Amino acid sequence: MAPRLAFTEDNALRIAAVERAFAPSGKSLSKPGRVLVGEGRLMKLCRRSLQPKMFFLFNDIIVYGSIVVHRLWYKNQHIIPLEDIVIEDLADSLEMKNQWLLRTPKKSFYMSAASEKEKQAWICHIIECREQQLISSRKEPTTSFATTLIPDRASQICMRCVDKFTVTQRRHHCRQCGFVVCNSCSKCRIVIPAISKKPVRVCTLCFNTLLCEKAKEEAGKRSSDGFDLEMPVYEASSDEDSDEREEDDMMPIRWVKSQNIYHPKNTCFAYLE
(Lines give C-alpha, C1' and ligand atoms only; values in the text may rest on other atoms or scores of the structure.)
Protein backbone atom coordinates (compact mmCIF):
# COMPACT_ATOMS: atom_id res chain seq x y z
CA MET A 1 0.00 0.00 0.00
CA ALA A 2 1.79 3.10 -1.25
CA PRO A 3 5.25 1.87 -0.21
CA ARG A 4 6.93 5.13 -1.16
CA LEU A 5 4.74 6.99 1.37
CA ALA A 6 5.60 4.72 4.28
CA PHE A 7 9.10 6.13 4.70
CA THR A 8 8.47 9.79 3.96
CA GLU A 9 8.99 12.47 6.57
CA ASP A 10 5.49 13.89 6.02
CA ASN A 11 3.88 10.53 6.80
CA ALA A 12 5.97 10.15 9.96
CA LEU A 13 5.01 13.65 11.11
CA ARG A 14 1.30 13.00 10.52
CA ILE A 15 1.38 9.76 12.49
CA ALA A 16 3.31 11.48 15.30
CA ALA A 17 0.66 14.22 15.38
CA VAL A 18 -2.10 11.61 15.82
CA GLU A 19 -0.11 9.99 18.65
CA ARG A 20 0.23 13.35 20.43
CA ALA A 21 -3.48 14.04 20.03
CA PHE A 22 -4.28 10.83 21.95
CA ALA A 23 -1.60 11.39 24.62
CA PRO A 24 -1.04 10.49 27.37
CA SER A 25 -3.30 7.41 27.39
CA GLY A 26 -3.15 6.48 23.70
CA LYS A 27 -1.01 3.68 22.31
CA SER A 28 1.93 4.20 19.98
CA LEU A 29 0.94 4.19 16.30
CA SER A 30 4.39 4.38 14.68
CA LYS A 31 5.31 1.20 12.87
CA PRO A 32 7.56 0.40 9.88
CA GLY A 33 5.50 0.41 6.69
CA ARG A 34 2.44 2.07 8.25
CA VAL A 35 0.79 4.85 6.24
CA LEU A 36 -1.82 7.36 7.37
CA VAL A 37 -4.27 7.22 4.46
CA GLY A 38 -6.88 9.68 5.65
CA GLU A 39 -8.77 11.19 8.54
CA GLY A 40 -12.17 12.68 9.16
CA ARG A 41 -14.97 13.37 11.56
CA LEU A 42 -17.86 10.91 11.37
CA MET A 43 -21.02 10.30 13.36
CA LYS A 44 -21.21 7.06 15.34
CA LEU A 45 -24.47 5.65 16.69
CA CYS A 46 -23.89 5.03 20.40
CA ARG A 47 -26.29 3.67 22.99
CA ARG A 48 -28.17 6.90 23.54
CA SER A 49 -27.49 9.11 20.54
CA LEU A 50 -25.46 9.89 17.45
CA GLN A 51 -22.09 11.23 18.54
CA PRO A 52 -19.18 12.71 16.58
CA LYS A 53 -15.92 10.75 16.60
CA MET A 54 -12.57 11.36 14.95
CA PHE A 55 -11.50 8.52 12.65
CA PHE A 56 -8.04 7.84 11.22
CA LEU A 57 -7.60 5.29 8.45
CA PHE A 58 -4.15 3.70 8.15
CA ASN A 59 -3.14 1.07 5.62
CA ASP A 60 -3.46 -1.67 8.29
CA ILE A 61 -5.70 -0.30 11.08
CA ILE A 62 -8.52 2.10 11.87
CA VAL A 63 -8.13 4.36 14.90
CA TYR A 64 -10.95 6.41 16.37
CA GLY A 65 -11.73 8.32 19.53
CA SER A 66 -13.84 10.97 21.21
CA ILE A 67 -13.16 14.64 20.51
CA VAL A 68 -12.04 16.77 23.47
CA VAL A 69 -10.43 19.69 21.66
CA HIS A 70 -10.93 19.83 17.91
CA ARG A 71 -7.79 18.67 16.03
CA LEU A 72 -5.70 18.86 19.19
CA TRP A 73 -6.87 16.35 21.79
CA TYR A 74 -8.79 13.07 21.57
CA LYS A 75 -9.57 10.41 24.17
CA ASN A 76 -10.88 6.82 24.43
CA GLN A 77 -8.62 5.55 21.66
CA HIS A 78 -9.83 2.45 19.82
CA ILE A 79 -7.63 0.52 17.38
CA ILE A 80 -9.16 -2.00 14.97
CA PRO A 81 -7.07 -4.19 12.62
CA LEU A 82 -8.41 -4.02 9.09
CA GLU A 83 -8.47 -7.83 8.93
CA ASP A 84 -11.19 -7.72 11.61
CA ILE A 85 -13.47 -5.34 9.72
CA VAL A 86 -16.43 -5.94 7.44
CA ILE A 87 -18.37 -3.04 5.91
CA GLU A 88 -22.07 -3.18 5.04
CA ASP A 89 -23.46 -0.36 2.91
CA LEU A 90 -26.93 0.70 4.07
CA ALA A 91 -29.75 2.80 2.68
CA ASP A 92 -30.74 6.01 4.44
CA SER A 93 -33.10 5.73 7.39
CA LEU A 94 -35.34 8.35 8.95
CA GLU A 95 -32.75 9.09 11.65
CA MET A 96 -29.48 8.45 9.81
CA LYS A 97 -28.45 9.62 6.35
CA ASN A 98 -25.37 8.37 4.49
CA GLN A 99 -24.99 5.46 6.88
CA TRP A 100 -23.13 2.16 6.87
CA LEU A 101 -22.45 -0.63 9.35
CA LEU A 102 -18.95 -1.46 10.57
CA ARG A 103 -18.67 -4.97 12.02
CA THR A 104 -15.80 -6.15 14.23
CA PRO A 105 -15.41 -9.10 16.63
CA LYS A 106 -15.49 -6.81 19.68
CA LYS A 107 -18.04 -4.20 18.68
CA SER A 108 -20.29 -3.50 15.70
CA PHE A 109 -21.81 -0.07 15.15
CA TYR A 110 -23.54 2.23 12.67
CA MET A 111 -21.71 5.23 11.19
CA SER A 112 -22.69 8.13 8.97
CA ALA A 113 -20.90 10.77 6.92
CA ALA A 114 -21.84 14.33 6.04
CA SER A 115 -22.63 13.41 2.43
CA GLU A 116 -23.08 10.43 0.13
CA LYS A 117 -19.76 11.24 -1.56
CA GLU A 118 -17.88 11.12 1.73
CA LYS A 119 -19.62 7.90 2.69
CA GLN A 120 -18.65 6.18 -0.56
CA ALA A 121 -15.08 7.47 -0.28
CA TRP A 122 -14.73 6.05 3.24
CA ILE A 123 -16.16 2.69 2.17
CA CYS A 124 -13.92 2.51 -0.94
CA HIS A 125 -10.77 3.41 0.99
CA ILE A 126 -11.48 0.98 3.84
CA ILE A 127 -12.27 -1.91 1.51
CA GLU A 128 -9.20 -1.26 -0.65
CA CYS A 129 -6.87 -0.99 2.35
CA ARG A 130 -8.36 -4.14 3.89
CA GLU A 131 -7.94 -6.16 0.70
CA GLN A 132 -4.30 -5.09 0.35
CA GLN A 133 -3.64 -5.79 4.04
CA LEU A 134 -5.07 -9.31 3.77
CA ILE A 135 -2.79 -9.97 0.80
CA SER A 136 0.35 -8.58 2.42
CA SER A 137 -0.24 -10.12 5.88
CA ARG A 138 -1.52 -13.47 4.52
CA LYS A 139 -4.00 -13.58 7.39
CA GLU A 140 -7.45 -15.09 7.21
CA PRO A 141 -10.31 -12.56 7.44
CA THR A 142 -12.42 -12.57 10.59
CA THR A 143 -15.76 -14.37 10.27
CA SER A 144 -17.26 -13.87 13.75
CA PHE A 145 -18.62 -10.43 14.64
CA ALA A 146 -20.23 -8.77 17.64
CA THR A 147 -23.92 -7.98 17.57
CA THR A 148 -25.03 -4.37 17.19
CA LEU A 149 -26.56 -2.81 20.31
CA ILE A 150 -30.11 -1.59 19.84
CA PRO A 151 -30.25 2.15 20.72
CA ASP A 152 -31.94 3.10 24.00
CA ARG A 153 -34.63 5.15 22.30
CA ALA A 154 -35.70 2.22 20.11
CA SER A 155 -37.68 0.64 22.95
CA GLN A 156 -39.75 2.04 25.82
CA ILE A 157 -40.07 -1.41 27.42
CA CYS A 158 -37.72 -4.20 28.40
CA MET A 159 -37.32 -6.46 25.39
CA ARG A 160 -37.41 -9.54 27.65
CA CYS A 161 -40.06 -8.97 30.35
CA VAL A 162 -41.84 -5.98 28.65
CA ASP A 163 -41.76 -3.88 31.84
CA LYS A 164 -41.85 -0.16 31.06
CA PHE A 165 -38.69 1.88 31.52
CA THR A 166 -38.92 4.75 34.00
CA VAL A 167 -36.58 7.09 35.85
CA THR A 168 -35.83 4.32 38.32
CA GLN A 169 -36.23 1.41 35.87
CA ARG A 170 -33.12 2.09 33.79
CA ARG A 171 -32.16 0.70 30.40
CA HIS A 172 -29.27 -1.73 29.99
CA HIS A 173 -27.90 -3.75 27.09
CA CYS A 174 -27.21 -7.44 26.74
CA ARG A 175 -23.78 -7.67 25.12
CA GLN A 176 -24.65 -11.00 23.52
CA CYS A 177 -27.95 -10.25 21.75
CA GLY A 178 -27.90 -6.44 21.86
CA PHE A 179 -31.42 -6.16 23.35
CA VAL A 180 -32.45 -3.23 25.55
CA VAL A 181 -33.32 -4.82 28.90
CA CYS A 182 -34.07 -3.88 32.49
CA ASN A 183 -31.80 -4.54 35.46
CA SER A 184 -33.83 -7.53 36.65
CA CYS A 185 -33.42 -9.24 33.28
CA SER A 186 -29.70 -8.51 33.02
CA LYS A 187 -28.19 -9.22 36.43
CA CYS A 188 -25.94 -11.94 35.01
CA ARG A 189 -22.33 -11.40 33.99
CA ILE A 190 -20.19 -13.69 31.88
CA VAL A 191 -16.93 -13.50 29.95
CA ILE A 192 -17.35 -13.20 26.19
CA PRO A 193 -13.72 -13.49 25.04
CA ALA A 194 -14.19 -11.61 21.77
CA ILE A 195 -15.65 -8.61 23.62
CA SER A 196 -13.79 -8.38 26.92
CA LYS A 197 -11.55 -10.32 29.29
CA LYS A 198 -13.84 -9.15 32.11
CA PRO A 199 -17.40 -10.38 32.68
CA VAL A 200 -19.95 -8.28 30.79
CA ARG A 201 -23.68 -7.78 31.25
CA VAL A 202 -25.96 -10.26 29.51
CA CYS A 203 -29.66 -11.02 29.74
CA THR A 204 -30.83 -14.14 31.57
CA LEU A 205 -31.74 -15.97 28.35
CA CYS A 206 -28.31 -15.40 26.78
CA PHE A 207 -26.59 -16.26 30.08
CA ASN A 208 -28.30 -19.66 30.23
CA THR A 209 -27.57 -20.29 26.54
CA LEU A 210 -23.89 -19.41 26.97
CA LEU A 211 -23.63 -21.62 30.07
CA CYS A 212 -25.09 -24.55 28.15
CA GLU A 213 -22.60 -24.01 25.34
CA LYS A 214 -19.78 -23.78 27.88
CA ALA A 215 -20.94 -26.98 29.60
CA LYS A 216 -21.01 -28.87 26.28
CA GLU A 217 -17.55 -27.58 25.41
CA GLU A 218 -16.10 -28.63 28.77
CA ALA A 219 -17.88 -31.99 28.65
CA GLY A 220 -16.06 -32.65 25.40
CA LYS A 221 -12.75 -31.70 27.04
CA ARG A 222 -13.40 -34.01 29.99
CA SER A 223 -14.12 -36.95 27.70
CA SER A 224 -10.99 -36.31 25.65
CA ASP A 225 -8.60 -35.36 28.46
CA GLY A 226 -9.84 -37.81 31.07
CA PHE A 227 -10.26 -35.33 33.93
CA ASP A 228 -12.89 -32.92 35.19
CA LEU A 229 -12.83 -29.19 34.63
CA GLU A 230 -14.54 -26.79 37.03
CA MET A 231 -17.08 -24.34 35.73
CA PRO A 232 -15.69 -20.80 36.00
CA VAL A 233 -17.22 -18.47 38.58
CA TYR A 234 -18.05 -15.09 37.07
CA GLU A 235 -17.96 -12.08 39.32
CA ALA A 236 -20.16 -9.06 38.87
CA SER A 237 -18.92 -6.29 36.61
CA SER A 238 -20.26 -2.80 36.12
CA ASP A 239 -18.39 -2.22 32.84
CA GLU A 240 -20.68 -0.42 30.39
CA ASP A 241 -20.03 1.62 27.27
CA SER A 242 -19.66 5.24 28.39
CA ASP A 243 -21.57 7.96 26.63
CA GLU A 244 -19.51 10.72 25.12
CA ARG A 245 -20.54 14.33 24.87
CA GLU A 246 -21.75 15.59 21.51
CA GLU A 247 -19.64 17.93 19.38
CA ASP A 248 -20.42 20.59 16.81
CA ASP A 249 -20.51 20.44 13.01
CA MET A 250 -18.70 17.88 10.87
CA MET A 251 -15.15 18.53 9.66
CA PRO A 252 -13.86 17.76 6.16
CA ILE A 253 -12.19 14.41 5.57
CA ARG A 254 -8.57 14.48 4.39
CA TRP A 255 -6.85 11.79 2.36
CA VAL A 256 -3.24 11.21 1.43
CA LYS A 257 -2.39 11.84 -2.20
CA SER A 258 -1.08 8.75 -3.91
CA GLN A 259 -1.41 7.07 -7.26
CA ASN A 260 -1.85 3.79 -5.37
CA ILE A 261 -4.86 5.04 -3.41
CA TYR A 262 -8.25 5.20 -5.06
CA HIS A 263 -9.95 8.60 -5.19
CA PRO A 264 -13.65 8.66 -6.17
CA LYS A 265 -14.62 10.98 -8.98
CA ASN A 266 -16.07 14.38 -8.07
CA THR A 267 -14.91 13.98 -4.49
CA CYS A 268 -15.46 16.89 -2.14
CA PHE A 269 -12.53 16.06 0.16
CA ALA A 270 -9.54 18.25 0.87
CA TYR A 271 -6.60 15.87 0.40
CA LEU A 272 -3.50 15.96 2.51
CA GLU A 273 -0.65 17.71 0.75
Side-chain angles (χ1 to χ4, degrees), residues 44-51 76 78 80-81 84-88 90-91 93-96 99-112 141-225 227-244:
K44 174 178 176 287
L45 182 59
C46 300
R47 288 177 52 205
R48 297 183 180 178
S49 62
L50 273 170
Q51 296 178 15
N76 299 330
H78 297 267
I80 310 174
D84 292 346
I85 289 176
V86 165
I87 299 292
E88 293 185 20
L90 302 174
S93 65
L94 293 177
E95 295 185 348
M96 288 185 68
Q99 65 171 332
W100 69 94
L101 176 61
L102 190 147
R103 292 188 180 274
T104 77
K106 187 174 183 179
K107 181 184 292 186
S108 300
F109 50 87
Y110 296 93
M111 304 167 58
S112 68
T142 299
T143 57
S144 178
F145 302 101
T147 186
T148 54
L149 301 184
I150 298 174
D152 284 2
R153 63 180 180 275
S155 182
Q156 300 300 315
I157 60 173
C158 172
M159 301 178 77
R160 289 302 184 197
C161 71
V162 304
D163 279 357
K164 187 175 181 180
F165 292 120
T166 64
V167 176
T168 56
Q169 180 78 314
R170 296 178 55 201
R171 293 173 172 84
H172 300 280
H173 279 89
C174 171
R175 297 303 300 275
Q176 176 68 9
C177 65
F179 279 17
V180 184
V181 291
C182 66
N183 183 62
S184 297
C185 292
S186 60
K187 290 183 176 180
C188 302
R189 306 290 190 276
I190 194 169
V191 173
I192 303 178
I195 296 177
S196 175
K197 295 180 180 179
K198 298 180 180 179
V200 295
R201 182 187 293 268
V202 294
C203 67
T204 305
L205 179 61
C206 287
F207 180 76
N208 292 332
T209 301
L210 290 169
L211 279 187
C212 289
E213 292 176 356
K214 187 70 175 179
K216 291 179 181 178
E217 178 184 343
E218 295 189 349
K221 290 181 179 179
R222 285 196 298 268
S223 61
S224 60
D225 297 340
F227 59 88
D228 292 337
L229 296 176
E230 294 183 0
M231 285 293 290
V233 178
Y234 300 116
E235 298 179 356
S237 170
S238 58
D239 289 347
E240 296 274 352
D241 289 342
S242 59
D243 295 308
E244 322 293 349

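The basis for the numbers below is simple: all heavy atoms, side chains too, and nothing from hydrogens, waters or symmetry mates. Keep in mind that this is a model prediction, so the values were computed, not measured.
The two residues Gln169 and Cys182 come nearest to each other via the heavy atoms NE2-CB, 3.6 Å. The nearest pair of heavy atoms linking Glu95 to Leu50 is O-CD1, 4.1 Å. Considering all non-hydrogen atoms of both residues, Val191 and Lys198 come closest at CG2-C, 4.1 Å. Contact detail for Gly178 and Thr147: the closest heavy-atom pair is N-CG2, 3.7 Å. Shortest non-hydrogen contact noted between Cys185 and Cys158 is SG-SG, 3.9 Å. In plain terms, the two heavy atoms of Arg171 and Asp152 that are nearest each other are NE-O, 3.0 Å.
One distance of note links SG of Cys203 with NZ of Lys187; it measures 14.5 Å at 0.5 Å rounding. Taking CG from Asp84 and NZ from Lys106, the interatomic distance works out to 11.5 Å, rounded to the nearest 0.5 Å. For the atom pair OG (Ser155) and CZ (Phe165), the distance works out to 5.5 Å, reported to the nearest 0.5 Å. From Met159, atom CE reaches atom SG of Cys174 across 11.0 Å, with rounding to the nearest 0.5 Å. Going from atom CG of Leu45 over to atom OG of Ser93 covers 9.0 Å, rounded to the nearest 0.5 Å. With values rounded to the nearest 0.5 angstrom, Leu102 atom CG is found 4.5 Å from Phe109 atom CZ.
Between Ser186 and the options Arg201, Arg175, His172, a side-chain hydrogen bond (donor to acceptor under 3.5 Å, both in side chains) holds for only Arg201.
With sequence neighbours excluded, the residues forming a side-chain contact (heavy atoms from CB on, under 4.5 Å) with Asn208 are Thr204, listed by chain and number. For the side-chain contact (heavy atoms from CB on, under 4.5 Å) test, residues two or more places apart in sequence or in another chain that qualify with Leu90 are Gln99, Leu101, Tyr110.
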Worked check of side-chain contact (heavy atoms from CB on, under 4.5 Å) between Arg103 and Ile85: CA-CA 6 Å; Arg103 292 188 180 274; Ile85 289 176; over 6 Å; no

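Contact check for Pro199 versus Ile190: no side-chain heavy atoms found under the 4.5 Å cut-off.
Residues in residues 157-168 take part in these side-chain hydrogen bond (donor to acceptor under 3.5 Å, both in side chains) pairs, two or more places apart or across chains: Thr166-Thr168.
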